[in-house]
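In what follows, chains are A, B, ... by sequence order, proteins preceding strands, each numbered from 1.
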Amino acid sequence: MTVRTRFAPSPTGYMHIGNLRTALYAYLFAKSQNGKFVLRIEDTDQKRYVEDATRVIYETLETANIHHDEGPDVGGDYGPYVQSQRKAIYKEYALKLIEKGAAYYCFCAKTEDEAPEDEEPKENPFESTCHCRDLSPEEVQRNLAEGKPYVIRQRVPHEGTTTFNDMVYGEITVENETLDDQILLKSDGMPTYNFANVVDDYLMGITHIIRGSEYLSSNPKYILLYQAFGWEVPCYIHLPLINGKNPDGTVSKLSKRHGAVSFQALVEEGYLPEAIINYIALLGWSPKNEHEIFSMDELCEVFSVAGLHKSPAVFDYQKLDWVNAQHIQAMPFEQFSKMAFEYSGVKGTFLEPKWNKLATLLQPRINKFSEIPSKLQFLFEVAPYDVEMYINKKNKSTLESSIDILKTTIDAVNRIDKWDEETLSEAFAKVAADNNIKYGPLMWPSRIAMSGLQATPGGSTDIMYLIGKEETLKRLQAGLEFIQSKLG
RNA sequence: GGUCUCUUCGUCUAGUCUGGUCAGGACGUCAGGUUUUCAUCCUGGUAACUCGGGUUCAAAUCCCGGAGAGACUACCA
């Protein structure tokens, strides 16, 4: 039997990283089994309708390199793949359940969902079960004839237990009496997720249901639904949640306050889609060896359910940075250069002609593209800095020695006419030799004078080359005067 | 409150099924080295089996109990 998995996002307008990881695993599992990966849009909540939200889903999957074999945009034999277009189907199946006695009409007024925080602890769940469960057929008919609004609820047995097996969490059993009569069909005729996912997964021939572990506790109700219909229960693969670290050290479900959590936001911050995918693949799954950097193709090859973890993982932006840096460094230079240029803000400035050189310096030094502008800022203007910067133990640099070295440097620069990296390097190597000083100590003061920074993309001669002879002299002179003024 | 789930370095994890290397790797961090500083790169250090019992010659691993954390408990998904 061909494996079929699905990703069933709700069109909310953005793709949460946890959802994307679910999509990724569903995709990887399908691919690793030579199966099909289906995209289904779960838009049964009309109140939550967001313009263009499905477009965000398509674009995200496209950039993330996750390709569905069937879906609203690509078609397939099991359509339609948008739940709002399947409205009639759910009604039909809900009615079947009523016939079978596994569901019932409920005419109660809508329970307002206000102040869930202060909600009184619910006593016995059956006290909230309304009397509609036991309405006679005649009463139901009368209400229906009167046109009373209704919902259809699942009739959960008050006795017995329900058991299912999950490929990650193992066998889980619950007492049916702890389950409530959830709503299957809303008063607007739309199904709830709880009902639609069961009907659609069955009708679409989904063999393995992959989703977050937040559905673990409601799964017994779905099992009961399958049993009521007489359908074969699919395989389940529930995934551990992704948490974020709170300022106080505790963890909770990853959300905005932890930082960027949508795929788009991460991409905008300068993370590569393949790096994001690589990183989230490792949150909750392990290849069980020491490889960490993967391409999508490699992931498809090595993915296995056995590597899935049960416990929740904390999203670590530092490690994401590292993974991203690995991918950046592995990029072909041309591609990096082009992409970095877009972020750099260099277009139209004096640096544009020297972009290639800059890009070379940048590629091994950044974690994400958004860092680029701030790393280049000093090339346009030296920000005020502390004179202490000239003091460096390792290079035996003091304010006094810096004055001497800066003077020597200025002399040397004045004598250089050919302004390219090689000439500059050679010239300073010679200055070092002539003055019996090491290269490092020689270049330290000038880099401070020219950048006001201890860490810059590239070394001192690189900076000289980039800003040009005139500006170099200007900055060196300014640095010299700065130290002198401090020494009085 | 009820139900379900989870628990190895600060973080991601290997090891658990098939008890038996000083519990391994990565990020971070610290130190040293290379490098025209920083970074990259290299080397080394740091740091963990939630607790308590039991079984056993031997327990992270098997059994029992406690504790903590998370999810669900919507006409959201």
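In this structure, Phe303(A) has its ring center under 6.0 Å from that of Trp285(A). Two rings, from Tyr169(A) and Phe164(A), have their centers 6.0 Å or more apart.
Shown here are the side chain to side chain contact (heavy atoms under 4.5 Å, CB included) partners of Leu453(A), two or more places apart in sequence or in another chain: Phe378(A), Ser451(A), Thr456(A). Contacts of Asp404(A) classified as side chain to side chain contact (heavy atoms under 4.5 Å, CB included), with partners at least two apart in sequence or in another chain: none. Every ring-ring contact (aromatic ring centres under 6.0 Å, His included) that Phe369(A) has, sequence neighbours left out, goes to Phe336(A), Tyr343(A). With sequence neighbours excluded, the residues that form a ring-ring contact (aromatic ring centres under 6.0 Å, His included) with Tyr93(A) are Phe229(A), Trp231(A). For Glu471(A), the side chain to side chain contact (heavy atoms under 4.5 Å, CB included) test picks out Ile467(A), Lys474(A), Arg475(A), with sequence neighbours left out.
Under the 3.5 Å distance criterion, the side-chain polar atoms of Ser286(A) are left unmatched by any main-chain donor or acceptor of Leu282(A).
Here the nucleotide nearest the side chain of Glu42(A), chosen from U3(B), C6(B), A77(B), is A77(B). Here C72(B) is the nucleotide among C72(B), U7(B), U5(B) with the atom lying nearest to any side-chain atom of Glu214(A). The nucleotide whose nearest atom lies closest to any side-chain atom of Leu282(A) is, among G28(B), C12(B), U11(B), C12(B). The side chain of Ile172(A) sits closest to C4(B) out of U3(B), C4(B), C6(B). Closest contact between the side chain of Asp180(A) and the listed nucleotides U73(B), A71(B), C12(B) involves U73(B). In the set U8(B), G28(B), C72(B), the nucleotide with an atom closest to the side chain of Lys253(A) is C72(B).
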Could you list all N or O pairs between the protein and nucleotides 47-50 of chain B that sit under 3.5 Å apart?
none

Pick out the pairs of N or O atoms, protein on one side and nucleotides 20-25 of chain B on the other, that lie under 3.5 Å.
{"from": "G25(B)", "atom 1": "O4'", "to": "Glu290(A)", "atom 2": "OE2", "distance (Å)": "3.3"}

Using a cutoff of under 3.5 Å, can you pull out all pairs of nitrogen or oxygen atoms linking the protein to nucleotides 14-17 of chain B, with atom names and distances?
{"from": "A14(B)", "atom 1": "OP2", "to": "His309(A)", "atom 2": "NE2", "distance (Å)": "2.9"}
{"from": "G15(B)", "atom 1": "OP1", "to": "Lys288(A)", "atom 2": "NZ", "distance (Å)": "3.1"}
{"from": "G15(B)", "atom 1": "OP2", "to": "Lys288(A)", "atom 2": "NZ", "distance (Å)": "3.0"}

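Comparing Tyr279(A) and Glu421(A) against RNA chain B, the residue whose closest nucleotide sits nearer the 5' end is Tyr279(A). Comparing Thr192(A) and Val314(A) by the nucleotide of RNA chain B that holds the closest heavy atom to each, the one mapping nearer the 5' end is Val314(A).
In this structure, Tyr215(A) reaches the bases: a heavy-atom distance under 4.0 Å links it to at least one base atom across the strands shown. If you check every strand for non-hydrogen atoms under 4.0 Å, Val151(A) touches a base. When heavy atoms are screened at a 4.0 angstrom cut-off, Ser425(A) is found touching base atoms of the nucleic acid. Across all strands, Tyr439(A) comes closer than 4.0 Å to base atoms (heavy-atom distances). Residue-level contact check: Ser187(A) touches the bases, meaning some heavy atom is under 4.0 Å from a base atom.
Side-chain contact, Tyr222(A) with Asn194(A): a donor N or O sits under 3.5 Å from an acceptor N or O. A donor-acceptor pair shorter than 3.5 Å cannot be found between the side chains of Asn367(A) and Tyr271(A). With no hydrogens or angles considered, no side-chain donor-acceptor pair links Arg211(A) and Asn19(A) at under 3.5 Å. Looking at Asn197(A) and Arg40(A), their side chains never bring a donor and an acceptor atom within 3.5 Å of each other.
Across all strands shown, nothing is found opposite U18(B) as a Watson-Crick or G-U wobble partner with both distances under 3.5 Å. Nucleotide G65(B) forms a pair with C51(B), judged by Watson-Crick or G-U wobble geometry with both contacts under 3.5 Å. When both pairing distances are held under 3.5 Å, C27(B) makes a Watson-Crick or G-U pair with G10(B). With a 3.5 Å ceiling on both atom-pair distances, the Watson-Crick or G-U wobble partner of C41(B) is G33(B). C76(B): no Watson-Crick or G-U partner with both key distances under 3.5 Å is found in any strand. The partner of C4(B) is G70(B), judged by Watson-Crick or G-U wobble contacts that both fall below 3.5 Å.
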Does Arg415(A) form a salt bridge (charged side-chain N to carboxylate O under 4.0 Å, His left out) with Asp411(A)? I'd like the steps, not just the answer.
CA-CA 7 Å; Arg415(A) 289 198 302 272; Asp411(A) 278 349; 5.2 Å; no
Walk me through it: do Asp180(A) and Lys221(A) pass the test salt bridge (charged side-chain N to carboxylate O under 4.0 Å, His left out)? CA-CA 8 Å; Asp180(A) 60 356; Lys221(A) 289 185 282 200; 2.9 Å; yes
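Counting to the nearest Å, the P atom of U35(B) and the CG atom of Leu361(A) are 19 Å from each other.
A heavy atom lying under 4.0 Å from RNA chain B marks the following residues of residues 233-245 of chain A, by number: Leu241(A), Lys245(A).
A gap of 14 Å separates the C1' atoms of G53(B) and A67(B), to the nearest Å.
Taking side-chain N and O atoms only, Lys186(A) has a distance below 4.0 Å to OP1 or OP2 of C76(B). Contact check, Thr44(A) against A77(B): a side-chain N or O comes under 4.0 Å of OP1 or OP2.
Screening residues 446-467 of chain A for salt bridge (Lys or Arg N to Asp or Glu O under 4.0 Å), with sequence neighbours left out, gives Lys357(A)-Asp462(A). Sorted by first and then second residue, the side-chain hydrogen bond (donor to acceptor under 3.5 Å, both in side chains) pairs involving residues 308-320 of chain A (not counting sequence neighbours) are Glu292(A)-Lys319(A), His309(A)-Ser311(A).
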Whether each nucleotide of nucleotides 37-43 of chain B has a protein heavy atom under 4.0 Å at its base (B), only at its sugar-phosphate (S) or at neither (-) is summarised, 5' to 3', as BBBS---
